[in-house]
2 protein chains.
Amino acid sequence: MVRERVEEAKGTRERILDVALDLFVEKGFDKTSLREIAAQLGFSKAALYYHFASKDDILLALHHRLHQLMFVDDGWPLGGQRITVGLWVTMLDGFIDKIPANRQLIALHERNRAAFEALHDKEHERVHGDLDEQLLAALEDPSIPDRQRVRMAVAFAGIMGGLLFSGDSLGGMSNEEMVDELKRAVHAVLEV
Amino acid sequence: MVRERVEEAKGTRERILDVALDLFVEKGFDKTSLREIAAQLGFSKAALYYHFASKDDILLALHHRLHQLMFVDDGWPLGGQRITVGLWVTMLDGFIDKIPANRQLIALHERNRAAFEALHDKEHERVHGDLDEQLLAALEDPSIPDRQRVRMAVAFAGIMGGLLFSGDSLGGMSNEEMVDELKRAVHAVLEV
DNA sequence: GTCTATATTTCGATAGAC
DNA sequence: GTCTATCGAAATATAGAC
């Protein structure tokens, strides 16, 4: 049936993305070759081009995963709504809940910022709003005092980047404790 | 005189590093070619090899700059001293003071984490202790409660990463205000 | 959908003159 | 210290068979 073929293709596509995600995090986007991705999947490099038009396209798809993670549900991207500190906290709390299941994706972004931005420059018509770009736009709202905007930036960067450190050294903590403490930290920064 | 030749060489070396720093931040380490660096300096690619043994060597020198920035003065790297939250705050406060004059260097690290780590893997004998590695070691001290270590990680990541956002959108703030507010945020996270 | 083989390009690095 | 010229390696991407 057509249905089966479609799902099989989709499955392979997702498998490629999973492998690419692991390698991009471990070695970095630029130092990971398509040959390596293909080898780990058990087929040849050329086969990747049946599923993705280019290497950038693979990163773009992973970008999309992260984008979905941040901007779906949770009331984002705030269709026209003006940002407030309260909304910011709500958004970050929602995001923190998703962290344990999506560490790799966040690590990808943290460790390959330059590659993501180059992608954005090149394919600006497809990447309509980069992650950082949308958050920056929210932080540019002049109706919020500068000092509060600094706090909002620190809070966001703290949970994104703090994860890289905590991943290895805090294995003793459960996900629930981690999530809970990240929220407390965010609330402390934003004085809620 | 020999003195003059030496200083001239040193000056060129530093100029190369300055240009490389700008390009590595803007385009990313991997997507910046030696040809571009040389072109911007007004001489040929091969000339770079008189001053640096390899492209990695240039990044290594910039790594050294960052290393100096973080671990000189300020009582680091804590020769054997056990880390405490109080010491952590002191260290971060000292670091925050240096931020305005060294934004590019921090941005380099934030935007090219993967490249830095690859460097570390390859030249482990020369990069005796990577930035993140030393900080991670401090955060692994089991005598500090897990929750407090999360806070310490968030505080550090917050000031490193928050800078990337604040750079563009908070041009209205003076460096003094920025430094002051970053310190307040750090203190809030660490409940000092 | 996956393969082999190859085209094309770009880059890091070296050799040797000046 | 800087140049021109070139090497060699690796990577992305394509062509065409199966």
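Computation of the quantities below employed the complete heavy-atom set of this structure, encompassing side-chain atoms and omitting hydrogens, waters and symmetry-equivalent molecules. To find a chain, count down the sequence lines: A is the first, B the second, and so on, and within it residues start at 1.
- As rounded to whole Å, 11 Å separates atom C1' of D/dT2 from atom CD1 of B/Ile16.
- Between the CZ atom of A/Phe52 and the P atom of D/dT12 there is a distance of 15 Å, given to the nearest Å.
- Put simply, CG on B/Asp30 is 15 Å from C1' on D/dT12, counting in whole angstrom units.
- Summarising the geometry, the separation between NZ on B/Lys31 and P on C/dG12 is reported as 13 Å, rounded to the nearest angstrom.
- Residues A/Phe24 and A/Leu17 have side chains not in contact (no heavy-atom distance under 4.5 Å, counting atoms from C-beta outward).
- Atoms CD1 (B/Ile37) and C1' (D/dT2) sit 17 Å apart, rounded to a whole Å.
- Ring geometry, B/Phe156 versus B/Phe95: the interplanar angle falls from 30° to 60°, so the pair is classed tilted.
- Cation-pi geometry between B/Lys31 and A/Phe29 is not satisfied (NZ or CZ under 6.0 Å from the ring centre, within 45° of the ring normal).
- Taking the charged nitrogens against the carboxylate oxygens, A/Asp146 and A/Arg149 do have a contact shorter than 4.0 Å, which makes a salt bridge.
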> When every nucleotide of nucleotides 13-18 of chain D is labelled 5' to 3' by its protein contacts under 4.0 Å (heavy atoms), B for base, S for sugar-phosphate only, - for none, what sequence of letters results?
Replying inline: BBB---
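- Here the side chains of A/Ile159 and A/Ile96 are in contact, with some heavy-atom distance below 4.5 Å.
- For B/Ser44, no side-chain nitrogen or oxygen approaches OP1 or OP2 of D/dT2 to under 4.0 Å.
- The aromatic rings of A/His63 and A/Phe116 lie tilted to each other, with the angle between the two planes from 30° to 60°.
- One finds a salt bridge joining B/Asp18 and B/Arg65 here, because a Lys/Arg side-chain nitrogen approaches an Asp/Glu carboxylate oxygen to under 4.0 Å.
- Comparing C/dT2, D/dT12, C/dC11 by their closest approach to the side chain of B/Ser33 singles out C/dC11.
- Taking every side-chain heavy atom of B/Tyr50 into account, D/dG1 is the closest of D/dG1, C/dG12, C/dC3.
- The side-chain heavy atoms of A/Met70 and A/Lys98, taken from C-beta on, include no pair separated by under 4.5 Å.
- Here the side chains of A/Met91 and A/Leu87 are not in contact, with every heavy-atom distance at 4.5 Å or above.
- Distance, B/Leu59 CG to C/dG12 P: 12 Å, rounded to whole Å.
- The distance between atom CG of A/Leu41 and atom P of C/dC3, rounded to the nearest whole Å, is 10 Å.
- Taking the side chain as every heavy atom from C-beta outward, B/Ile99 and B/Met178 never approach each other to under 4.5 Å.
- The terminal axes of the helix from C/dG1-D/dC18 to C/dC18-D/dG1, fitted over 5 pairs per end, subtend an angle of 0° to the nearest 10°.
- The two residues A/Met160 and A/His109 come nearest to each other via the heavy atoms CE-ND1, 3.6 Å.
- Scanning residues 20-27 of chain A for heavy-atom distances under 4.0 Å to DNA chain D yields an empty list.
- Counting to the nearest Å, the C1' atom of C/dG1 and the CG atom of A/Leu48 are 12 Å from each other.
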